[in-house]
Protein chains: 2
Amino acid sequence: MKGKTISEAVIRRLPRYFRYLEELAEKGVERIPSSRIASALRVTASQVRQDLCSFGGFGQQGLGYNVEMLKNEIADILGLTRSYNMIIVGFGNVGAALAGYMGFSKEAFIFKAAFDIDTDKVVPEGLKLYSIDKIEDYLANNQIDIAVICTPKAAAQSVAERLVAAGITKIWNFAPIELDLPENITLENTNMSASLYMLTYSRR
Amino acid sequence: MKGKTISEAVIRRLPRYFRYLEELAEKGVERIPSSRIASALRVTASQVRQDLCSFGGFGQQGLGYNVEMLKNEIADILGLTRSYNMIIVGFGNVGAALAGYMGFSKEAFIFKAAFDIDTDKVVPEGLKLYSIDKIEDYLANNQIDIAVICTPKAAAQSVAERLVAAGITKIWNFAPIELDLPENITLENTNMSASLYMLTYSRR
DNA sequence: TAGATTGTTAATCGATTAACAATC
DNA sequence: TAGATTGTTAATCGATTAACAATC
């Protein structure tokens, strides 16, 4: 399977493998068989092997996988070996929560600035808050990798277009709307309501 | 296709249809063909028809779908015709953001109480903050549908177990850990880091 | 009626699972 | 060596797309 492009389905599982491998590494586990990864993440051992094999097998027959090696390999595939400068557009509840969220790797994801209509809002130490008018100015003078849109629905599309025009290629959208952007933009949507609906929908 | 169980893949798309139909309804659009839904959501018309047909066709040949009717039908399937009482466990950045988030339907999702170790935190009007020790007490005396876990990683599993023991069956987990819970619990995970990794991973 | 568009079946495509030879 | 476990191929399963008759 080496050399083939990795499917979206596999990529979506990589963060879970990664998180689990981090835990194992912390605990000092050195080797792990696919069967244990599988039971921890509630998938099949076959799928684990198929997934890991798709980007080049790092296991050893009879011994399983080297935790540290596999973790590093996945980090590399996910692009976690470098750091990313980020800005937040729309500093309401969601924007503020992200800026203060402790779950992100502090070294890998650096919140540089936030933009809002109201520039009097309180921001965490180290983060700068600018008027939303200043987006273009700021992006012309600062190298930013990822923009996070946390504006209300009505503002999101126009903000997104401004970001794209200013050279942003990776957008994380929290506004509850389908953004219409060029093909070359990498867009990730986090739809809070949709997640909640998965709980209100009763299976079976 | 009527009568068959609706697949997970279809269910995951329903919130997007729903959101789009809400927009159309607001604009006063009365009928819409599958082709237009498809282009708005960037899926195929065939898939839209297949999806909608899977829970009983509500379209009319030659005329498309009645927006209001379809919206109500999807709301019904997603369980949005009633309201849900919710509690938040762990009132840090994420918990506070959810409590203040304006994107949820205020009528359908009602945040009743929050629980934290620190009971001196500021909470929005109408929400009560209790010590985390009071969870069992509270749940014995209040009918709660959904519990949201926003604690740090280390506390999440034990909090989840306490919630389940106290009768909670629907859990929305924001803590960055795989919770191990009984089969009958409906669990929805929102993994912020995973979403971000989808942006750092470079396609193509 | 003619045109549009659904509902649904069949064909295709992709992803998951099973199986097992290779090998540590 | 014997046991364990991978890498990988083949089989299965499910989801998406295509096609078109039915019908508004």
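To find a chain, count down the sequence lines: A is the first, B the second, and so on, and within it residues start at 1. What you see below is based on every heavy atom in this structure, not just the backbone, and it leaves out hydrogens, waters and symmetry mates.
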Which nucleotide, [options], lies nearest any side-chain atom of [X]?
X: A:Q47; options: C:dT8, C:dT17, D:dT8; value: C:dT17
X: B:Q50; options: C:dT16, D:dT17, C:dA15; value: D:dT17
X: A:T44; options: C:dT8, C:dT17, C:dA19; value: C:dT17
X: A:R49; options: D:dG7, C:dA18, D:dA19; value: D:dG7

I need the [atom1]-[atom2] distance between [X] and [N], as an integer number of Å.
X: B:D51; N: D:dG14; atom1: CG; atom2: C1'; value: 14 Å
X: A:L14; N: C:dA15; atom1: CG; atom2: C1'; value: 15 Å
X: B:R31; N: C:dA4; atom1: CZ; atom2: P; value: 16 Å
X: B:I37; N: C:dT6; atom1: CD1; atom2: P; value: 8 Å
X: B:F55; N: C:dT8; atom1: CZ; atom2: P; value: 13 Å
X: A:F58; N: D:dG7; atom1: CZ; atom2: P; value: 9 Å
X: A:R12; N: C:dA15; atom1: CZ; atom2: C1'; value: 16 Å
X: B:E8; N: D:dT16; atom1: CD; atom2: P; value: 12 Å

- Query: Heavy atoms under 4.0 Å, any strand shown: does A:S7 hit a base, just sugar-phosphate, or nothing?
  - Reply: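 Sugar-phosphate contact only - A:S7 comes under 4.0 Å of backbone atoms but never of a base.
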- Message: Base, sugar-phosphate or nothing for B:R36? Non-hydrogen atoms, less than 4.0 Å.
- Response: nothing
At a cut-off of 3.5 Å, list every protein nitrogen or oxygen paired with a nitrogen or oxygen from nucleotides 21-24 of chain C, distance to 0.1 Å.
| unit_1 | atom_1 | unit_2 | atom_2 | d |
| --- | --- | --- | --- | --- |
| C:dC24 | O4' | A:Q61 | O | 3.2 |
| C:dC24 | O3' | A:Q60 | NE2 | 2.9 |
| C:dC24 | O2 | A:Q61 | O | 3.3 |

- With A:D137 via side chain to side chain contact (heavy atoms under 4.5 Å, CB included) - residues at least two apart: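 Only A:K134 meet the side chain to side chain contact (heavy atoms under 4.5 Å, CB included) criterion with A:D137.
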- Message: According to side chain to side chain contact (heavy atoms under 4.5 Å, CB included), who are the partners of B:D133, at least two apart in sequence or on a separate chain?
- Response: B:S131
- Message: How long is the straight-line distance from OH of B:Y20 back to CG of B:L70, given to the nearest 0.5 Å?
- Response: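 One gets 11.5 Å once the value is rounded to the nearest 0.5 Å.
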- Note on the structure: Output for pair (A:D51 CG, A:R12 CZ), nearest 0.5 Å, gives 14.0 Å
Ionic contact status for [Y] with [X], cut-off 4.0 Å:
X: A:R82; Y: A:D145; value: yes
X: B:E23; Y: B:R19; value: no
X: B:K71; Y: B:E22; value: no

- Got a sec, which pairs hit ring pair (Phe, Tyr, Trp, His ring centres under 6.0 Å) with one end in residues 62-89 of chain B, sequence neighbours left out?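 Every pair satisfying ring pair (Phe, Tyr, Trp, His ring centres under 6.0 Å) with a residue in residues 62-89 of chain B: B:Y84-B:F109.
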- Message: On the nucleotide D:dT6, are OP1 or OP2 found under 4.0 Å from the side-chain N or O atoms that A:S34 carries?
- Response: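 A:S34 to D:dT6 OP1/OP2: side-chain N or O found under 4.0 Å.
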- Any N or O donor-acceptor pair linking the side chain of A:S46 to the base of C:dA18 at under 3.5 Å?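 When only heavy-atom distances are counted, A:S46 does reach the base of C:dA18 through a donor-acceptor pair under 3.5 Å.
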- Note on the structure: Given Watson-Crick and G-U pairs under 3.5 Å, DNA chain D in dot-bracket ([ ] crossing, | other strand) is ..||||||||||||||||||||||
Give every donor-acceptor pair under 3.5 Å between a side-chain atom in residues 33-43 of chain B and any protein atom, sequence neighbours left out.
| unit_1 | atom_1 | unit_2 | atom_2 | d |
| --- | --- | --- | --- | --- |
| B:S34 | OG | B:R49 | NH1 | 3.1 |
| B:S39 | OG | B:R36 | O | 3.3 |
| B:R42 | NH2 | A:D180 | OD1 | 3.1 |
| B:R42 | NH2 | A:L181 | O | 3.0 |

- Item | Parallel, tilted or perpendicular, as decided by the 30° and 60° cut-offs, for the rings of A:W172 and A:F174 |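 Tilted.
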